[in-house]
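Residue numbers start from 1 in every chain, and the chains themselves are labelled A, B, ... in the order their sequence lines are given, proteins ahead of strands. Treat the numbers as computed from the prediction; the structure is a model and nothing was measured.
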Amino acid sequence: MMKKELKIKSNKTNQQKQKRTNPLANVFDDFIDFCQSKSLFMLHYCTGCGAIELPPAMTSRFDMERLGIQPMVTPRQADILLVTGYVSVKTLKRVILTYEQMQAPKYVIGICSCTVNGGMYWQSYATAKKLNEYMPVDVYIAGCMPRPEAVLEGLNRLKNNIKNDRKEQKGSAWKDYYKNYDYYLGNQQNLFGKEWQTPVDVIAEAKLYGLEGEGTYGENTKKLKMVQHPLLPQEMKL
Amino acid sequence: MRPENYQAVPLGDSNEYEIFIGPNHPGIEGNYALKLILDGDTVVKGTTDAGYLHRGFEKLMEGRLWIQNLAIVPRICVPDPAPMEVSYSLAVEEIMGIDAPIRAQWIRVLQLELSRIAAHLFTFGGHAATTGMYTPMYWGVADRDLVLDLFEDFTGGRVYSIYNIPGGVRRELPEGFLEKLSHLLDYLESRQNDYDNLLFTNQIFVQRAKGVGVLSKEDALEYGVTGPNLRACGLAFDVRRDDPYLIYDQLEFDIPTQQKGDAWSRILVRRDELFQSIHILRQVIAKLPSIKGPIRTAIPNPLSWNVPAGEAYARVESSKGELAYYVVSDGGDKPYRVHVRGPSSMHAVQTLEFLAKGARIEDVAQIMFSLDACPPEVDR
Ligand code: SF4
């Protein structure tokens, strides 16, 4: 039942997209992007030491709220996921679960050099080195650790990307996760083992958003199908 | 969106149920998790789940030069990094058989006490936020930022300064620094009344914090509790006084204690300690200009620096408790083994599990913050 409904919906959205020749529709899209960039809820997952510069950035002195960005406690209602520092393998699983629970459009910011290339812990056995192998990242803020000003600058850049999304396609890294799910899943499986799977059915979501691409299916998603349906919560090995 | 393949877990007959707090949760300090078994809203059993921040520090340090390790040691405890550097430097100095010059020792004390102030201000805010009061958090973080500005001034880094090296400190204090510091101390003292009214004697907070997470002196000793948490149980133990390092034996300061051992006593101890640190810093400001001399004992070229074989255990009092480095050298250019004795692993694992038992669920976050544990230091 569910699946049929989804298909109908996705067909509709595809048709709508093709029909948009009315210039007013573009203005409307721009307006939506503008509004979106002015009101963002942020989920900060304190994965590492970079998190210590967030309280100053959020509170009185640097005051992130004047940019229209506020902390949010649940992933379901958040727009931005801040990954603040090195991600150990154990944490990375939770980061991926959190990311998949967020509603699209969703944005990821990698704070700290450790999310870029492993930073200080390049030779550590316990950390995952590059965050964008496991999920698409919109903005990186390098530095060990970046100052609150840098954090604000990064957020501003994300806002601009969102605002100009329709023209420049910069703020849509999240679509990449659906289009190239096979690649991301492959990297995740390499790190966590072949049985790795999350309770979120990413492929169904890709269909819902009309974002299936060639990279959505592949070698790695086939492995997924062998073990999926139905997925009991206990089977999830973290 | 509920995933298509979702299935509910059937519950058994028992009244007890299980919930997870963390690792990404506003009531948890950092990246840390708790698994609670509850009956109604009373915790039957709490199990901690650490390891989210594990980086394998002790192994990493074996693979780096003595001097390179200085860059990673502060990362072990993020809110209070200065004691890490000092402790590691003290241990290496002990193996090498050298002492830092007197002036460097005074500057180290200055750095340690400033770091303690910053860490305590941060804790006040965190603790208050778990009881639903958010204003102290805003105040605490803003005032801590003033301290960080001073850090930036004399070490070059806001949070991680990497200011110490074995043999001394890296840089002389900038001109006019002591006046700035003195202004900051005046300001912090002038805030005392505000903080008291807003937090420490505020009934909203006191009613929540009194009698929560009571730790007796015997239990505290059994669980290896140190630092402000131990002093809140009535035992005046402080490494600065009982096993003096640097020039702490030349300084005058009290060791604040409380008797009850609950969350409120712990935050009061921290409050008093903050003012003791200000008192210490005033003595440093008075004495430092009259102490002339070098700030560093020469060490060999750090890139080919072999520390003689030996081992050392150096402990300092951090804002969380007793912190120690055990360093073994086999005469090579890298440490043979480094062990970190952090205070937080005792506080955040056994003690938290012990205190969570029988507590109400809304107090669990407060107990954790009142113990002031530092998750990166638990996992290392
Ligand atoms: S880049 Fe530096 S501050 Fe950031 S998480 Fe890594 S070690 Fe910590």
Side-chain angles (χ1 to χ4, degrees), chain A residues 2-3 6 43-53 55-62 71 73-76 84-91 94-95 97-98 100-101 103 114 120-121 123-127 144-145 147-148 197-202 204-205 208 228-234, chain B residues 1-9 22-33 49-57 59-60 63-64 68 71-72 74-79 81 122 125-126 129 134 137-146 148-149 152 157-160 375-376 379-380:
Chain A
M2 223 14 207
K3 272 203 168 168
L6 293 182
L43 179 81
H44 50 286
Y45 194 129
C46 306
T47 55
C49 22
I52 200 88
E53 286 290 33
M58 282 190 295
T59 56
S60 329
R61 186 167 182 197
F62 294 98
V73 288
T74 141
R76 309 249 177 214
T84 58
Y86 56 87
V87 271
S88 65
V89 176
K90 191 174 177 182
T91 307
R94 273 80 178 172
V95 176
L97 282 188
T98 313
E100 289 187 351
Q101 280 175 24
Q103 310 270 320
C114 282
M120 199 129 287
Y121 307 116
Q123 99 237 75
S124 164
Y125 57 79
T127 59
C144 182
M145 53 195 38
R147 302 170 54 91
Q197 57 186 343
T198 54
V200 178
D201 195 342
V202 177
E205 280 187 19
L208 172 69
Q228 228 174 10
H229 292 292
L231 175 64
L232 292 170
Q234 299 97 309
Chain B
M1 185 170 106
R2 167 173 286 193
E4 247 179 282
N5 49 15
Y6 174 84
Q7 272 196 2
V9 195
N24 185 8
H25 188 276
I28 284 280
E29 197 172 16
N31 199 348
Y32 198 70
D49 178 16
Y52 294 101
L53 292 160
H54 182 66
R55 291 146 279 176
F57 253 108
K59 192 72 200 163
L60 283 184
R64 298 187 185 206
Q68 284 177 322
I72 61 170
R75 268 105 187 146
I76 293 182
C77 183
V78 195
F122 206 47
Y134 286 97
M137 191 181 86
Y138 278 71
W139 285 14
V141 173
D143 285 347
R144 169 178 173 269
D145 238 59
L146 300 176
L148 295 191
D149 280 352
E152 198 178 351
R158 263 168 69 86
V159 179
Y160 295 145
D379 301 335
R380 292 197 282 272

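- Between chain B and the residues A/V95, A/L43, A/V87, A/T47, the largest count of heavy-atom pairs under 4.5 Å involves A/T47.
- For B/E152, the part lying near chain A is the side chain, with the backbone staying farther off; criterion is any non-hydrogen pair under 4.5 Å.
- A salt bridge does not link B/D143 to A/R61: none of the charged nitrogens lies less than 4.0 Å from a carboxylate oxygen.
- Contact of A/Y45 with chain B is made through backbone and side chain together, with heavy-atom distances under 4.5 Å.
- Using a 4.5 Å cut-off between heavy atoms, A/T98 contacts chain B through its side chain alone, with no backbone atom that close.
- Ring centroids of A/Y125 and B/H54 are separated by less than 6.0 Å, placing the two rings close together.
- Looking at heavy atoms from C-beta onward, B/Y134 lies out of side-chain contact with B/W139 at the 4.5 angstrom threshold.
- For the residue pair B/Y160/B/R75, the side-chain donor-acceptor check at 3.5 Å is not satisfied.
- Residue B/R55 touches chain A through both its backbone and its side chain, counting heavy-atom pairs closer than 4.5 Å.
- No part of A/E100 comes within reach of chain B, as not one of its non-hydrogen atoms sits under 4.5 angstrom from that chain.
- In this structure the side chain of A/P148 never reaches within 4.5 angstrom of the side chain of A/M58, judged on heavy atoms.
- A/Y86 places a side-chain heavy atom less than 4.5 Å from the side chain of B/P376.
- Residue with the most contacts toward chain B among A/A51, A/C144, A/G48: A/C144 (heavy-atom pairs, distance under 4.5 Å).
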